[in-house]
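All values below were derived from every heavy atom in this structure, side-chain atoms included, with hydrogens, water molecules and symmetry-related copies excluded.
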Amino acid sequence: MQIPLQITFRGIPHSDAVEAKIREKVGKLDRFHSHIIGCRVAVEAEHYSHHQGNQYHIRIDITTPRKELVISREHHDKKSYEAIRDAFN
């Protein structure tokens, strides 16, 4: 990647473990598609529900020479790792 990875946390404190997981997933993407210029990932915790747990919103913006891809996923769970996994899959 020509532009360094940008990771933003909103509504939740920064987590080194979550950041490491994101870096791992982006590294795999970079190996599969060598034309990625840059990537931005935002992790948001929207609100807590007693019935559904935490609601995480993951947004991934990938820039390539021809286009920009935006992946946006919401996940109702107690673990941000599952939301990250689902967004990258």
Side-chain angles (χ1 to χ4, degrees):
M1 266 188 286
Q2 298 170 358
I3 301 170
L5 171 63
Q6 297 174 352
I7 302 172
T8 305
F9 292 88
R10 296 183 188 126
I12 58 173
H14 178 270
S15 166
D16 289 337
V18 171
E19 183 176 336
K21 187 56 128 177
I22 292 170
R23 289 186 183 282
E24 173 189 326
K25 295 288 190 180
V26 171
K28 286 182 182 179
L29 281 178
D30 200 30
R31 285 193 296 270
F32 288 123
H33 192 323
S34 62
H35 291 43
I36 294 175
I37 295 171
C39 182
R40 293 183 309 273
V41 179
V43 180
E44 259 183 275
E46 296 188 0
H47 64 276
Y48 182 80
S49 166
H50 289 288
H51 298 288
Q52 295 179 335
N54 289 327
Q55 184 175 6
Y56 291 101
H57 182 225
I58 310 296
R59 180 183 166 108
I60 306 167
D61 295 299
I62 299 171
T63 305
T64 66
R66 294 187 178 185
K67 62 177 117 176
E68 185 168 330
L69 305 168
V70 177
I71 298 94
S72 182
R73 296 285 185 267
E74 288 190 16
H75 197 276
H76 306 280
D77 202 318
K78 295 183 180 179
K79 297 182 182 180
S80 59
Y81 290 109
E82 292 179 13
I84 293 166
R85 178 198 65 207
D86 291 350
F88 277 94
N89 284 342

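- The CD1 atom of Ile71 sits 8.0 Å away from atom CZ of Phe88, with the distance rounded to the nearest 0.5 Å.
- Contact annotation: the side chain of Lys67 approaches that of Thr64 to within less than 4.5 Å [non-hydrogen atoms, C-beta and beyond].
- Residue Lys25 holds its NZ atom at 8.0 Å from CZ of Arg85, rounded to the nearest 0.5 Å.
- Closest non-hydrogen pair, Ser72 versus His57, comes out as OG-NE2, 2.6 Å.
- Within 6.0 Å of CZ on Arg59 lie no more than 12 heavy atoms contributed by other residues, nucleotides or ligands.
- Side-chain contact check for Ile36 versus Leu29: some heavy-atom pair is nearer than 4.5 Å.
- Closest non-hydrogen pair, Cys39 versus Ile60, comes out as SG-CG2, 4.0 Å.
- Hydrophobic cluster membership is shared by Val26 and Leu69, with clusters built from Ile, Leu, Val, Met, Phe, Trp and Tyr side chains linked at under 4.5 angstrom.
- A chain of hydrophobic side-chain contacts below 4.5 Å, direct or via other Ile, Leu, Val, Met, Phe, Trp or Tyr residues, connects Ile12 to Val18.
- Ile7 CD1 to Arg40 CZ: the interatomic distance, rounded to the nearest 0.5 Å, is 13.0 Å.
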Could you please spell out the steps behind the side-chain contact (heavy atoms from CB on, under 4.5 Å) verdict for Val43 and Ile22?
-> CA-CA 10 Å; Val43 180; Ile22 292 170; 3.6 Å; yes
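- Here the CD-CZ distance, from Glu82 to Arg73, works out to 15.5 Å after rounding to the nearest 0.5 Å.
- Atom-to-atom distance recorded for Asp30:CG and Ile62:CD1 is 10.0 Å, nearest 0.5 angstrom.
- Minimum heavy-atom separation, Glu19 to Phe9: N-CZ, 4.2 Å.
- Nearest heavy-atom pair, Ile58 versus Ile84, reported as atom, atom and distance to 0.1 Å: CD1-CG1, 4.0 Å.
- When all heavy atoms of Tyr56 and Ala83 are compared, the pair lying nearest together is CB-CB, 3.9 Å.
- The shortest heavy-atom contact between Pro65 and His35 is CD-O, 3.0 Å.
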